[in-house]
Enquirer: 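Input: one structure, supplied below.
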Amino acid sequence: SEGSGSGIIIDTNESELLMVTNNHVVSGAETVSVCFIDGAVYEANVKGTDVDNDLAIISVNLKDISDETMNSIKIATIGNSDELKVGEQVVAIGNALGYGQSVTTGIISAKDRIVSTNTTPLIQTDAAINPGNSGGALLNMRGEVIGINSSKYASTEVEGMGYAIPISAVESILEELMNQETKEKVPEERRGYLGISCQTIDSTTAAIYNVPAGAYITEFSDKSAAEAAGMELESIIVKFDGQSISSAEELVALLEYYEKGTEVEVVAMIDDNGEYIEKTYSVVLGSQPKTEE
């Protein structure tokens, strides 16, 4: 299936154009493409993600971008979301429903809204934020980015309640993600495997059953790298090589960037008489299990 979202150009380094979007826009994606204002489309890499704050940094190689595209885009000006006042006018820009760039306007309805699925308190606005707007810019009247829109918290039961991640609260996180080394996908024949079957425990299921969200291990394959490292069935993987895991699909997508033989740290939550405890394992990734013909 295909999905769409929005992004904000926030910086460059020596070789990459860097954009911020929501983690849920790119989570589990096999490929990510970016379409700029001139209509040109480029393949992008996911440079880093933060599941708890629903953030992701994606990059496009500068050498791949045409002069025409570079002349039509620019790095966004970042504002100070700490200075926002309730009632202040704002503009939301994004790719609503995947139709292309759109603009909506509204005011700041509230600050520091606590939402259970995001670590950072959010900005509430009555500017329309719909699917496809996720990752787009919430701007003040000076054209400065003061929030990152998210449709993850939208509902068909309400109107006039959109949410955005305050930019000042996550600047240090974005800086850390931008400084990560960009990984490229490994060819399938050299790709590393954990040797598990797993299922997603999403945030809703986690809340209902009072268990951690992540990738729930249901089965080990023959010569499983995870089993050899001492991992247990029915444990829940929540981190892989320092990156948070919120679904089985996200774990599978992440493994595409690691070669067999690579040693990685995997963090899992283990049920200890009804209480989940964290345990870290050093796993040497194995080869793809052979299928019987």
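We count residues from 1, following the sequence as given.
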Enquirer: Taking Asn133 for its side chain and Gly136 for its backbone only, find out whether a donor-acceptor pair lies under 3.5 Å.
Expert: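 No, because the side chain of Asn133 does not come within donor-acceptor range (under 3.5 Å) of the backbone of Gly136.
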Enquirer: Residues two or more places apart in sequence or in another chain: which of them pass side chain to side chain donor-acceptor pair (under 3.5 Å) with Thr125?
Expert: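 Applying side chain to side chain donor-acceptor pair (under 3.5 Å) to Thr125 gives none.
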Enquirer: Not counting sequence neighbours, list each pair that qualifies as a salt bridge (charged side-chain N to carboxylate O under 4.0 Å, His left out) and has a residue in residues 190-213.
Expert: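 Non-adjacent pairs meeting salt bridge (charged side-chain N to carboxylate O under 4.0 Å, His left out): Arg190-Glu259.
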Enquirer: How about CG on Asn210, more than 12 heavy atoms from neighbouring residues, nucleotides or ligands closer than 6.0 Å, or not?
Expert: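 Check fails, neighbour count at 12 or below.
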Enquirer: Looking only at atom types and distance, does a side-chain atom of Ser168 sit under 3.5 Å from a main-chain N or O of Ser81, one as donor and one as acceptor?
Expert: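 Yes, the answer is positive, given that a donor and an acceptor are paired below the 3.5 Å cut-off.
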Enquirer: So with a 6.0 Å cut-off around CD of Glu265, is the heavy-atom count from everything else above 12?
Expert: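 Result for CD/Glu265: open.
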Enquirer: Could you pull out all residues at least two apart from Ser59 that satisfy side chain to side chain donor-acceptor pair (under 3.5 Å)?
Expert: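 Counting only residues at least two positions away or on another chain, Ser59 forms a side chain to side chain donor-acceptor pair (under 3.5 Å) with Glu16.
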Enquirer: Please list, chain by chain and in numerical order, all residues satisfying salt bridge (charged side-chain N to carboxylate O under 4.0 Å, His left out) with Glu144, sequence neighbours excluded.
Expert: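 For Glu144, the residues satisfying salt bridge (charged side-chain N to carboxylate O under 4.0 Å, His left out) (neighbours in sequence not counted) are Arg142.
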Enquirer: Per the ring-ring contact (aromatic ring centres under 6.0 Å, His included) rule, what does the pair list look like for residues 190-243, sequence neighbours excluded?
Expert: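 As it turns out, the ring-ring contact (aromatic ring centres under 6.0 Å, His included) pairs with a partner in residues 190-243, which skip direct neighbours, are Phe240-Tyr258.
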Enquirer: Measuring from atom CG of Leu138 to atom CD1 of Ile146, what distance do you get when rounded to the nearest 0.5 angstrom?
Expert: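 Going from CG on Leu138 over to CD1 on Ile146, the span is 3.5 Å.
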Enquirer: Please enumerate all residues that pass salt bridge (charged side-chain N to carboxylate O under 4.0 Å, His left out) together with Glu176, with sequence neighbours excluded.
Expert: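 By the salt bridge (charged side-chain N to carboxylate O under 4.0 Å, His left out) rule, Glu176 matches no residue at all.
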Enquirer: Is the closest side-chain donor-acceptor distance between Glu43 and Thr31 under 3.5 Å?
Expert: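 Absent: no donor and acceptor within the cut-off.
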Enquirer: Taking atom CG of Asn95 and atom OG of Ser4, what is their separation to the nearest 0.5 Å?
Expert: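 Rounded to the nearest 0.5 Å, the CG-OG separation comes to 5.0 Å.
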Enquirer: By the ring-ring contact (aromatic ring centres under 6.0 Å, His included) test, which pairs, at least two apart or in different chains, include something from residues 53-77?
Expert: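 Sorted result for residues 53-77: empty, none.
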Enquirer: Please identify each residue that fulfils salt bridge (charged side-chain N to carboxylate O under 4.0 Å, His left out) with Lys239, with sequence neighbours left out.
Expert: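 None.
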Enquirer: Mind checking what makes salt bridge (charged side-chain N to carboxylate O under 4.0 Å, His left out) contact with Glu278, not counting sequence neighbours?
Expert: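 Salt bridge (charged side-chain N to carboxylate O under 4.0 Å, His left out) list for Glu278, sorted by chain: empty.
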Enquirer: Not counting sequence neighbours, which residues clear ring-ring contact (aromatic ring centres under 6.0 Å, His included) with Phe36? List them please.
Expert: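 For Phe36 the ring-ring contact (aromatic ring centres under 6.0 Å, His included) partners, ignoring immediate neighbours, are Tyr42.
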Enquirer: Please name all residues satisfying side chain to side chain donor-acceptor pair (under 3.5 Å) with Asp50, sequence neighbours left out, ordered by chain then number.
Expert: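 Checked Asp50 against side chain to side chain donor-acceptor pair (under 3.5 Å); matches are Asn53.
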Enquirer: Within a radius of less than 6.0 Å around CD of Glu171, do more than 12 heavy atoms belonging to other residues, nucleotides or ligands occur?
Expert: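 Counting other residues, nucleotides and ligands, CD of Glu171 exceeds 12 neighbours.
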Enquirer: Is the number of heavy atoms from other residues, nucleotides or ligands within 6.0 Å of CD1 (Ile208) greater than 12?
Expert: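 More than 12 within 6.0 Å, yes.
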Enquirer: Does anything in residues 215-233 form a salt bridge (charged side-chain N to carboxylate O under 4.0 Å, His left out)? List the pairs, not counting sequence neighbours.
Expert: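 Output for this query is empty, none listed.
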